[in-house]
Amino acid sequence: MAERVEQRLEDRVPELEQLERVGLFTHEEIRAVLKKATALEYKIQRRALRKEDFINYIQYEINLLELIKKRRARTGYSFKKDEIEGSMIQRVHSLFKRATGKWKEDVQLWLSHVAFCKQWNTKHQLSKVFSTMLAIHPNKPALWIMAAKWEMETRLSSESARHLFLRALRFHPECPKLYQEYFRMELMNAEKQRKEKKEFERAKMNLMGCLIFVMGVEFRLALLSIAKLFDFTHDLQKEILENLQAEYADNPLTWDYMARRELELGSLKATEPTTKQAKVSEMTQREERCCAVFEEAVTAVPTEDMWKCYITFCLERCNRKTNSEELKQKRLERTLSAFSKAHESSLLPEALYKQWSSLSQKAAEVAEAAAKRFSLSVEMWQMRLQVLIQLKSDNVTQCFEEAFKHVKSKVCGTLPLWTLWVEWSEAVNSKDDTEALYQRSLHAVAPAESVTMKEKYLDWAYRNGGYKKARRVFTSLHESHPLSLDFFKKMIEIEKEQEMCRMLRLREYYERALREFGSVNSDLWLEYIKEELSHPQGKPEHAGSIHWRAVKMLEGDQVEDFISKYTLLQTGHL
């Protein structure tokens, strides 16, 4: 191993001598570089290789290259690049080659090599990297697209790019993204040939071939958006659109596209409006044409998805900034009308009721309608209750009770409702009523969710009843499983806040916490040891026995983590 390291270091000598000779580095800096390189070389020559060692070495070499680049710019010296940077770049390529050969499955490592090649403009090497990477990772379409784009945009080779796309499509015949990027590439190539005043029928044929593989409405719309970027594709756009309307007339996305298209068609008129009022009037007419198409759509395709497209469009227009109060009001009225019609048709998606409620002046009625229609939905009841609480209604408690009649606590995950109820109760009810509610919630929620309620109960007890109350609640709950680590940490924190902080009590809390989490949490053991070492009533001699117990109880990587941190603690570095 030593011979190999010596040989590699000797190979560096010419470039280091050049760096010193031309004044880019001092003699001391050259010695520091040699010392660091020696350490890095020994690490990558070991029998048990580590990926981190290669990454560190590569990063060191790249940093060195960047430093040389800055010093060249500062001194104005631009000679001897082949002897200095050329040699270093080759070494980095060699390191990447060894690393990617050893850890072939690490895509990030390959991408780092690609980035290095691009940064230092080593095109020939990058072609080799792409070729090897795609042979090992042919199952990743994004890599094929990256390689093809580089061939097209950097090497200006449409043939190579096309070849890569066709190879990729053999591996991924149903990948929409590949077809879209291939389509984009052919359009770029056609535009380039067109600008050069050459025939581009061949490119057009390739485009038509690409369209044979069209795989659905979303894909065709994506192709349409790509084609719109090129000013010579009007016939192609028309062909795609006609195909879309013929095959997907009942698809909400087709209608959505046709409706939104009215906004663009309005801007194609010969004379554009000039005055502010004329612009507002023009925009109002365009939006009304869009809505007319949407109204036709929800009649032809009466589904939740279709209404969602319509309302999403209305919300987008409603959220657009405008100085015209008239336009703003019309957009709001149009949006509220769409919400109302969808609800009356029982086709308004659950997720949209919250937005309807936030826009409407009749929020309570909207929220009530939502909870009635989706009576098993925790989110809808939560929304209704939040509205009632905000309005300071007298029916809040009654509504909570009604909600829990419909939603089964143990099944549906009612934690948000219980959290909302106790928080509201804390603000308006007596302490006794709130405590009764906390105790009721512990039995009502699912076991996994009761963990959060126990934490909140303990926190509330301390805030409203002080230390003694918090300790009584802790004592009543510490055997009630499941429990969270935060529950115990909260009690430890409460104890530490007392003037007479008792180590005896802290030991009790730590011991109970370790009983539950001692096998999976190394930090808890360290905090316990720190407490014994630093507390006035602590017993430093207990640290050794706690350490022994921790090593016995901890599992997997936690043991090594604990030992390393304990060592740092002993040396005063933690």
Between the side chains of Glu426 and Thr434, does any donor sit under 3.5 Å from an acceptor?
no
Student check: side-chain heavy atoms of Tyr528 and Leu506 closer than 4.5 Å:
no
Does Asp305 have any salt bridge (Lys or Arg N to Asp or Glu O under 4.0 Å) partners at least two apart in sequence or in another chain, and if so, which?
none
Is it true that Ser484 and Glu455 share a donor-acceptor pair across their side chains at a distance under 3.5 Å?
yes
Output for pair (Arg261 CZ, Leu224 CG), nearest 0.5 Å, gives 8.0 Å
Are Ser430 and Asp433 close enough that a side-chain donor and a side-chain acceptor fall under 3.5 Å?
yes
Roughly how far apart are Arg505 CZ and Ile492 CD1, rounded to 0.5 Å?
14.0 Å
If a pair satisfies side chain to side chain donor-acceptor pair (under 3.5 Å) and one of its residues is in residues 385-402, list it, with sequence neighbours excluded.
Glu401-Arg440
If you apply the rule ring pair (Phe, Tyr, Trp, His ring centres under 6.0 Å), what do you find for Trp421 with Phe404, and how did you get there?
CA-CA 11 Å; Trp421 197 354; Phe404 286 114; 5.8 Å; yes
Distance-only polar pair, side chains of Tyr467 and Glu497, donor-acceptor under 3.5 Å:
no
Could you tell me whether the side chain of Trp255 reaches within less than 4.5 Å of the side chain of Phe294, counting heavy atoms only?
no
Sequence neighbours excluded and cut-off under 3.5 Å, please list the side-chain donor-acceptor pairs for residues 359-371, or say none.
residue, atom, partner, partner atom, Å
Ser360, OG, Lys362, N, 2.9

Looking only at the side chains, is there a donor atom on one of Gln59 and Asn63 sitting less than 3.5 Å from an acceptor on the other?
yes
Residues at least two apart in sequence or cross-chain that pass salt bridge (Lys or Arg N to Asp or Glu O under 4.0 Å) with Glu105, listed by chain then number, are none
What distance do Phe313 atom CZ and Arg260 atom CZ have between them, rounded to the nearest 0.5 Å?
6.5 Å
Show every side chain to side chain donor-acceptor pair (under 3.5 Å) that has at least one partner inside residues 538-552, sequence neighbours left out.
Glu511-Arg549
With sequence neighbours excluded, give me every side chain to side chain donor-acceptor pair (under 3.5 Å) pair touching residues 341-353.
Glu295-Lys341, Ser340-Glu344, His343-Tyr353, Glu350-Ser377, Tyr353-Arg373
Taking the side chain as every heavy atom from C-beta outward, state whether Phe400 and Leu385 have any atom pair closer than 4.5 Å.
yes
